[in-house]
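In the text below, chain A, chain B and the rest are named by the order of the sequence lines, each starting its count at 1.
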Amino acid sequence: MSVAKVVVDVPSSQINHTFDYKIPEKYEALLKVGMRVTIPFGPRKIMGFVIEIVPTSDVKRLKEIEAIMDITPVLTKELLQLGKWMADQTVSLYIQAYQAMLPRVLKAKYKKEIEKLTDIELTASLKQMFAGRDFITFEEFEENKGNYAELLHALKEGYIQINYIVESKETSKKALFIDMAKEQHLLEEAFIDLPKNAKKQQEVLQYFISNPTEIEQKKLIEKCKTTPHTIQLLIEKGLLKKTLKKVYRDPFANTNFQSTTALQLSEQQRKAIEPIWKSIDNNYNETFLLHGVTGSGKTEVYLQSIEKVIKLGKEAIVLVPEIALTPQMVKRFKGRFGDDVAVLHSGLSPGERFDEWTKIQKKEVKVVVGARSAIFAPFEKLGIIIIDEEHETSYKQEEQPRYHAREIAKYRGEYHQCPVVLGSATPLLESFARAKKGVYTLLEMTSRMNEQQMPPVKIIDMREELHAGNRTMFSRELVQAIKNRIERNEQVVLFLNRRGHSTFVMCRECGDVVKCPSCDIALTYHKSSYQLKCHYCDYQIPMIQECKECQSKQIQYFGTGTQKVEESLLEVIPEAKIVRMDVDTTRRKGAHEKLLTIFQEKRANILLGTQMIAKGLDFEDVTLVGVLAVDSMLNLPDFRASEKTFQLLTQVSGRAGRHKLPGEVIMQTYSTEHYAVQLASQYNYEQYFLHEMQMRKSFHYPPYYYLTLINVSHQDELKVQEVTKMISRLLLKHLSGDATILGPTPSPIVRINNRYRYQCMIKYKDEPNQREIIRKILQYYHDDIQKNNLMIQVDFEPYQLM
DNA sequence: AGCACGCCGACT
DNA sequence: GTCGGCGTGCTC
């Protein structure tokens, strides 16, 4: 007898351990560790992951595994082990960890149905509900307001039974394929016999005579410009046949990727790549920090490292931040490695995502390029892991399990004994500090590919503009520079940092700001729909005409949305042709690319946008980059505010003068003297690093201290305060004396969706027992969490302090 | 999480 | 006496 240890699909901390199940004889040979199974659990039937197969169990009455859901395991042994580690590290549940590693469609779907076992004894209303059928769904019973007492009675008497159904949502896409039903020469004979006026049929047949292979019906129709009907006629004549085949959904079906070959490496690229190659060759786990300025050719270093890995028969994972995962980026990898590449990003439909994942699972690809969760690609012979733009915050998952892709990468690198490469022009302070300490190997690429200089940066003091009577949001110098580019038929990128900034509405008479009734936040004005929306819940109302407090009609918007910037810009420079890119204009699928194409084809001279235009864009004729308001980000309540500002400014500046024409950057700010602004304008990362490290040291922030953020929320403010206070007291008592506990303090946004939010923060150097203590605290509040709607979120090394 | 079991008040 | 409300505790 063999026993399977199963992690079951019940998201509760009481269930957060394995359950033993007997493996029925018929499954003994089939069942492998890492497969999904359906199992009886109490009165129900649910899904579970087989974690381990052992000979015996201590449990007295074992139930049997009911069915196997997969032919091949969905989790490798490595991922099973990694999932456990991740759950422990992030204090989350095993089931959550495993599900985070898999495409969504592999999550089980549960259904209940009621089966009728006898016809006679049923009550009239139940009989009516069945209406002659043997099964009805439980949903149907509920929708028709079925009587639970009757149901329960019938169940007890055995007139009916309830079946629990576990379904996997995964589906394969099927496509219709057309093939010849007879040999080629027979088709030729048939061709002559076709009626003279059956032009289209002739054409289709001719196609097969010259291309005697199977083809997808859709493509055939396209090629011969015909209809399904014509093909159907040929099928009926017995000349062709159709089959339904599983196909992969191809998100890049209509894209041609021009194939590229390895470029000659520059001296500095060669210096950077050699240690990586050495590490690949020697199966040596080492973390590299590739610090390369924008345009220094980091991607080529990645590509040629991967090439080496593939030659050795191994696989590669490349992580790219979500917003940088544009077709341009994909093109570089598909161009070099062709069909060996799978792409995973959030723009894919769940089905497409599953198909890409399947290609990895079946080892049909060697390289995966993707956003955060691609770090879990089920490769088994990893040769390298690359994280591009490693400082990006999107590598941290902001929901359970709150993992950071970098930490997962290091774990997998260690497991596979392969290098991990972290690349960035502006590395995270922690990473650079580690590189300096020798924990990571630092690789520097300090000059740009074509020996071009970074574009000069001019800082404009907006206070002076105001003193000079300029009340617009564009400095005189910026306006002049833009006009100048338009004249020369060159292009401009205008960057508006909207974080911490949004268009709110205020009454000029009484100063009342329109706020969300359930969140502690001002509503944002959306001009396109003429509505006021809350960005934290889905509350929205039509734009107000008069103040609710004083009935004044003096209502004014404040803040600067991209819409407003566009309008004011057109007032100052009426001849400007502007492409605006923000969440509103890029929501629809494909809108992103469309807007970029317009700009690319020079049908516009100004690209105006938010965060999303800071990265990766590369246009030949962009010679001016304008940053409209640096300050909003600097002043966020976040110890990383200055670092994020520095990163962003450096990145945006890199958009100008990437080709033949020289570029220029203009930064407008009210804090001209701030070191992040000053040093970003000089492209001096090293100096910035030293300065910021000083700050972190004196304020006890990372990398000198680690942080843990505990966030408590509940609809009752007193309750939240009380719990948070208790938690900090417990932490103080049980953590070592070296740890500091900040708080409880109200979160920067005190109320979201009618829930009050308080937090406390642990600053520490070394607390090996921390996780255990926090687990106990969570245990202590278990009942409150389960029954009283209390929420306690724990975030180790947080990136988002809101 | 879901579901059964069990204990107590309300009502035929 | 029985129905149904919810609090409690278990699920290999």
Side-chain angles (χ1 to χ4, degrees), chain A residues 1-25 27-28 31 33-69 80 84 87 91-100 104 106-115 123 125-126 137-139 141-142 145-158 160-169 399-401 778-793:
Chain A
M1 181 191 79
S2 294
V3 171
K5 292 200 171 288
V6 179
V7 166
V8 302
D9 184 15
V10 176
S12 158
S13 57
Q14 291 164 70
I15 309 297
N16 198 29
H17 58 85
T18 57
F19 284 74
D20 291 356
Y21 283 88
K22 209 166 109 185
I23 304 173
E25 230 164 81
Y27 292 148
E28 283 263 2
L31 188 67
V33 154
M35 285 180 172
R36 295 173 305 153
V37 289
T38 59
I39 37 152
F41 195 69
R44 301 180 283 159
K45 195 166 80 182
I46 57 172
M47 187 276 286
F49 292 102
V50 176
I51 300 307
E52 209 184 336
I53 294 175
V54 292
T56 53
S57 167
D58 302 336
V59 181
K60 273 166 259 152
R61 274 198 302 277
L62 282 187
K63 289 188 182 174
E64 280 195 348
I65 282 176
E66 197 197 72
I68 302 182
M69 293 176 79
L80 284 169
K84 184 177 186 318
V91 200
S92 24
L93 306 173
Y94 299 125
I95 190 73
Q96 287 174 330
Y98 291 129
Q99 273 166 348
R104 236 192 313 281
L106 290 180
K107 211 176 156 185
K109 216 166 70 182
Y110 298 106
K111 277 187 188 162
K112 278 192 289 186
E113 67 177 18
I114 307 167
E115 184 177 0
T123 59
S125 65
L126 276 173
T137 63
F138 202 82
E139 255 178 7
F141 174 81
E142 285 182 320
K145 305 256 180 305
N147 184 325
Y148 285 89
E150 275 180 26
L151 188 79
L152 219 62
H153 179 76
L155 190 65
K156 266 198 185 125
E157 296 296 326
I160 57 162
Q161 77 179 29
I162 291 183
N163 297 331
Y164 294 84
I165 300 164
V166 185
E167 274 174 13
S168 187
K169 277 182 273 192
E399 56 200 57
Q400 291 266 59
L778 291 175
Q779 204 80 50
Y780 176 76
Y781 282 108
H782 181 264
D783 282 8
D784 258 351
I785 290 168
Q786 200 126 76
K787 292 177 194 118
N788 278 331
N789 240 328
L790 179 73
M791 257 179 18
I792 303 177
Q793 289 178 344

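No side-chain N or O of A:E52 forms a donor-acceptor pair with one of A:T18 less than 3.5 Å apart.
Listed by residue number, the members of residues 38-46 of chain A with any heavy atom below 4.0 angstrom from DNA chain B are A:P43, A:R44. Within a heavy-atom distance below 4.0 Å of DNA chain C, the residues of residues 51-60 of chain A found are A:V59.
Side-chain atoms of A:I95 and A:F49, non-hydrogen and from C-beta on, do get closer than 4.5 Å to each other. Using a 4.5 Å cut-off on side-chain heavy atoms (C-beta onward), A:L778 and A:S13 make no contact. Proximity of A:P40 to A:Y164: side-chain heavy atoms (C-beta onward) are nowhere separated by under 4.5 Å. Looking only at side-chain heavy atoms (C-beta outward), A:F41 and A:M47 stay at 4.5 Å or farther from each other. Here the side chains of A:D9 and A:Q99 are in contact, with some heavy-atom distance below 4.5 Å. No side-chain heavy atom of A:Y94 sits under 4.5 Å from any side-chain heavy atom of A:I51. The shortest side-chain heavy-atom distance between A:I39 and A:K63 does not fall under the 4.5 Å cut-off.
Side-chain proximity of A:K63 to C:dT11, C:dG4, C:dC12: nearest is C:dC12. If you check C:dT8, C:dT11, C:dC12 against the side chain of A:L62, the one that comes closest is C:dC12.
The separation between A:E66 atom CD and C:dT11 atom C1' is 16 Å, rounded to whole Å. Between the C1' atom of C:dG7 and the NE2 atom of A:H782 lies a distance of 15 Å, rounded to the nearest Å. Going from atom OH of A:Y94 over to atom C1' of C:dC12 covers 17 Å, rounded to whole Å. Note: CG (A:N16) to P (C:dC10) measures 18 Å, nearest angstrom. Rounding to whole angstrom units, CZ of residue A:F49 and P of C:dC12 are separated by 19 Å. Across the protein-nucleic acid pair, A:D9 atom CG and C:dT11 atom P stand 18 Å apart, rounded to whole Å. If you measure from atom NE2 of A:H17 to atom P of C:dT11, you get 9 Å, rounded to the nearest angstrom. When the P atom of C:dC6 is taken as reference, atom CG of A:D783 falls 18 Å away, rounded to whole Å.
The aromatic rings of A:F141 and A:F138 are tilted relative to each other, their planes meeting at an angle between 30° and 60°.
Contact detail for A:Y98 and A:L80: the closest heavy-atom pair is OH-O, 2.7 Å.
Interatomic distance, A:I114 CD1 to A:Q161 CD, rounded to the nearest 0.5 Å: 11.5 Å.
Between A:Q786 and A:L152, the one whose closest nucleotide on DNA chain B sits nearer the 5' end is A:Q786.
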Could you give me the CA-CA distance, side-chain angles and deciding distance for A:H782 and A:Y780, then say whether ring pair (Phe, Tyr, Trp, His ring centres under 6.0 Å) is met?
CA-CA 6 Å; A:H782 181 264; A:Y780 176 76; over 10 Å; no

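Residue contacts shown for A:Y148 are absent, as no nucleic acid heavy atom lies under 4.0 Å away.
Protein chain A contacts DNA chain B from B:dA1 to B:dC3, reading 5' to 3' and using non-hydrogen atoms of the protein with a distance under 4.0 Å.
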